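We're numbering straight along the sequence, starting at 1. Model, not experiment: these values are computed from the prediction.
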Amino acid sequence: QVQLVESGGGSVQAGGSLRVSCEASGRSFTDYAVAWFRQAPGKEREFVAAISRGEYETKYAGSVEGRFTIARDYVKNSVYLQMNSLAPEDTAVYYCAADSTPAAIRVVVNWRYWGQGTQVTVSS
């Protein structure tokens with residue numbers, strides 16, 4: 001079992017950057033594929049990005065492709081999401097999720113472990 005804790009959220013103006021991190025405890029994070037999802041008020045939770053167990057593959061939602069980067073920090077046993085060129089529509093609670101063998105990675109229910117979320121607010 002693995003516990004996930006997100007950090008790094010905050011407020012930024014449009015065009016700015018933020019990095020959110022997800023730190024794992026209980027197991028090595030390299031044993032898991034990891035994804036970021038986000039949920040805006042009144043909307044369903046949506047897929048943002050994912051990284052495979054062996055870091056061989058990353059996937060992104062079309063809305064963040066080219067602006068966001070997901071990567072592992074092996075020293076900190078964490079995964080971070082670097083977000084650049086932020087826009088007000090990126091405002092949401094960002095959640096990290098992990099699973100050893102996720103099926104369809106864009107589907108919320110396929111991810112077993114979740115963090116508590118961190119708020120990202122982008123003002124215009």
Side-chain angles (χ1 to χ4, degrees):
Q1 192 165 352
V2 64
Q3 293 78 43
L4 308 179
V5 178
E6 299 98 335
S7 62
S11 298
V12 66
Q13 288 191 327
S17 299
L18 278 176
R19 176 180 289 194
V20 290
S21 296
C22 178
E23 189 165 342
S25 62
R27 290 278 299 271
S28 171
F29 225 0
T30 56
D31 292 339
Y32 298 89
V34 180
W36 285 94
F37 287 77
R38 66 186 182 187
Q39 189 166 17
K43 294 188 176 181
E44 293 187 352
R45 195 168 297 190
E46 64 174 2
F47 171 81
V48 176
I51 188 166
S52 63
R53 288 175 62 177
E55 203 175 347
Y56 300 126
E57 192 172 18
T58 56
K59 296 288 188 182
Y60 296 92
S63 60
V64 306
E65 185 90 47
R67 299 189 297 125
F68 291 11
T69 301
I70 187 171
R72 294 186 181 273
D73 184 332
Y74 291 98
V75 174
K76 297 182 179 180
N77 198 36
S78 66
V79 170
Y80 64 85
L81 183 70
Q82 177 67 41
M83 304 182 290
N84 299 328
S85 301
L86 284 161
E89 51 266 35
D90 294 316
T91 295
V93 177
Y94 282 70
Y95 298 89
C96 71
D99 197 288
S100 56
T101 54
I105 63 171
R106 300 171 191 265
V107 178
V108 170
V109 297
N110 287 339
W111 294 86
R112 181 174 182 182
Y113 302 106
W114 289 85
Q116 82 289 349
T118 185
Q119 177 70 47
V120 171
T121 302
V122 185
S123 58
S124 57

Calculate, to the nearest 0.5 Å, the distance between atoms [atom1] and [atom2] belonging to [X] and [Y] respectively.
X	Y	atom1	atom2	value
Ile105	Thr58	CD1	OG1	9.0 Å
Ser123	Gln13	OG	CD	5.0 Å
Ser11	Leu86	OG	CG	11.0 Å

Evaluate the ring planes of Phe37 and Trp111, with Trp represented by its six-membered ring, and classify them as parallel (under 30°), tilted (30 to 60°) or perpendicular (over 60°).
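If you compare the ring of Phe37 with that of Trp111, the planes turn out perpendicular.
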
If you count heavy atoms of other groups shown closer than 6.0 angstrom to [atom1] of [X], is the number above 12?
X	atom1	answer
Glu44	CD	no
Arg112	CZ	no
Gln116	CD	yes

Closest approach of [X] and [Y], non-hydrogen atoms and distance?
X	Y	result
Tyr32	Arg53	C-CG, 3.4 Å
Leu18	Val12	CD1-CG1, 4.0 Å
Tyr60	Ile70	OH-N, 2.9 Å
Ala14	Ser124	CB-CA, 4.3 Å
Ser17	Asn84	OG-OD1, 2.9 Å
Ala49	Leu81	CB-CD1, 4.1 Å

Evaluate side-chain contact (heavy atoms from CB on, under 4.5 Å) for Ser78 paired with Cys22, printing each intermediate quantity in order.
CA-CA 5 Å; Ser78 66; Cys22 178; 5.8 Å; no

Hydrophobic clusters here meaning ILVMFWY residues chained together by side-chain heavy-atom distances under 4.5 Å, can you tell me if [X] and [Y] are in one?
X	Y	result
Phe47	Met83	no
Trp36	Trp114	no
Val79	Val93	no
Leu4	Tyr80	no

Determine whether a donor-acceptor pair (N or O, by modelled atom type, separation under 3.5 Å) exists between the side chain of [X] and the backbone of [Y].
X	Y	result
Asn77	Phe29	yes
Gln3	Ala24	no
Asn110	Ala104	yes
Thr69	Gln82	no

Assess whether side-chain contact (heavy atoms from CB on, under 4.5 Å) is satisfied between Tyr113 and Asp99, documenting all intermediate values.
CA-CA 6 Å; Tyr113 302 106; Asp99 197 288; 5.7 Å; no

Given Arg38, Gln119, Gln39, the one that forms side-chain contact (heavy atoms from CB on, under 4.5 Å) with Tyr94
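Testing Tyr94 for a side-chain contact (heavy atoms from CB on, under 4.5 Å) against Arg38, Gln119, Gln39 leaves exactly one candidate, Arg38.
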
Under the salt bridge (Lys or Arg N to Asp or Glu O under 4.0 Å) criterion, do Lys59 and Glu57 qualify, and how do the steps go?
CA-CA 7 Å; Lys59 296 288 188 182; Glu57 192 172 18; 3.3 Å; yes

Can Arg45 be said to sit on top of Tyr95's aromatic six-ring, NZ or CZ under 6.0 Å from centre and within 45° of the ring axis?
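Yes.
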
